[in-house]
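These notes are about the structure you will find just below.
Here the structure is a predicted model, which means the values were calculated and not measured.
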Amino acid sequence: MKTFIKESFVPTLIILVASALVILAVLPLAQTDWAETVRSSPEHEQEDMEPSSAEGEYAELPFAIVGFVLSFIKVTMQMGIGGLLTALVLWISKKIRHVLQGRHV
Amino acid sequence: MKQPKKTSSNQIKLYADIILLTAFILTNVPHATGIPLHEWISILFIIPILVHILLDWKWVVNVTKRMFKRLPGEVRFNHIWDLLIFIMMVFVLLNGFLISEAALPALGIHVTIDPFWSAMHNQSANLLMVMVGVHLAMHWSWIVSMIKRYVLYKPAQITQSTPQRGK
């Protein structure tokens, strides 16, 4: 553990510097015309779907439970889409490789 | 002859990754956790992410050095994809801080909620989940073999020579 902490000091600094560079590169985006377009777009009001802390919890328990469950389903589906597409691409590339290796033999 | 049970680096990585994935899922369900808990978990999430990168730091350095030399396509893709995930994660955390309603105000830092950063936070968080799904799929065989080795099949407590399973 002590060795891990000692060996991690420089890599941690590198990661923090890299993060700072990303932040510096991204912050000016708020000053662009595109940002103004997003701010003035009526869609951004609908995108703010997270419950505000001022609004508090859901009024009715069944809806709260449904919302609770749907949150996890949403996460699973979004990660699942990426995962399944990747698995499909890997499977296709493996098949192509097998076919090509079969032709060479 | 009894030998002390030694925790392998793969075992440490597996347990760290399980904590990381759990924390990642919890940060992405603000409807379930509520905004205050969502923000605090997201701040704490920085630690498992940092540990995840540090545990594989040697791989990162080695692959970066060989980036413009001969390298398997899958390794090259994983490196670039991991870099993109890192950038996206920093982006999501940044605009999360910029629209903080609970955590930063509790620390005495009050921010003006910019609708631009709010929109960016939602969209980039959704994109990040898909990107993490790709990342998990690329490392799926490692995940499955480690779970089989260290979770499903408990290694023998008393061993002279540990049978090798999987990788």
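Proximity to chain B is absent for every atom of Leu84(A), based on heavy atoms less than 4.5 angstrom apart. Proximity to chain B (any heavy atom under 4.5 Å) is shown, for Thr12(A), by both the backbone and the side chain. At a 4.5 Å heavy-atom cutoff, the contact between Ala18(A) and chain B is made by backbone and side-chain atoms alike. If you measure heavy-atom distances from Leu85(A) to chain B, you find no contacts under 4.5 Å at all. Of the two parts of Leu93(B), neither the backbone nor the side chain holds a non-hydrogen atom closer than 4.5 Å to a non-hydrogen atom of chain A. Only the side chain of Ile14(A) comes within less than 4.5 Å of a heavy atom in chain B; its backbone stays farther off. Within the 4.5 angstrom heavy-atom criterion, no atom of Asn95(B) approaches chain A. With a 4.5 Å cut-off on non-hydrogen atoms, Ile87(B) touches chain A through its backbone and its side chain both. With a 4.5 angstrom heavy-atom cutoff, Asp114(B) touches chain A only via side-chain atoms.
If you tally non-hydrogen atom pairs under 4.5 Å between each of Leu29(A), Leu21(A), Ile81(A) and chain B, the highest count goes to Leu29(A). Options Phe91(B), Phe86(B), Trp140(B) differ in how many heavy-atom pairs under 4.5 Å they form with chain A, and the most are formed by Phe86(B). Ranked by heavy-atom pairs shorter than 4.5 Å toward chain A, the options Ile99(B), Leu55(B), Val132(B) are led by Leu55(B).
Rounding to the nearest 0.5 Å places CG of Leu90(A) at 8.5 Å from CZ of Phe77(B). A distance of 11.5 Å separates OG of Ser8(A) from CD1 of Ile53(B), quoted to the nearest 0.5 Å. Atom-to-atom distance recorded for Ser71(A):OG and Ile25(B):CD1 is 12.0 Å, nearest 0.5 angstrom. Separating the CG atom in Leu128(B) from the CE atom in Met79(A) is a distance of 10.0 Å, to the nearest 0.5 Å. How far CE of Met120(B) is from CH2 of Trp34(A): 3.5 Å, rounded to the nearest 0.5 Å.
With contacts defined as side-chain heavy-atom distances shorter than 4.5 Å, the pair Gln78(A)/Leu127(B) does not qualify. With contacts defined as side-chain heavy-atom distances shorter than 4.5 Å, the pair Lys74(A)/Val29(B) does not qualify.
Of all non-hydrogen atoms in Trp117(B) and Val26(A), the two that sit nearest each other are CH2-O, 3.6 Å. Here the closest heavy-atom approach between residue Pro11(A) and residue Leu54(B) is recorded as CB-CD2, 3.4 Å.
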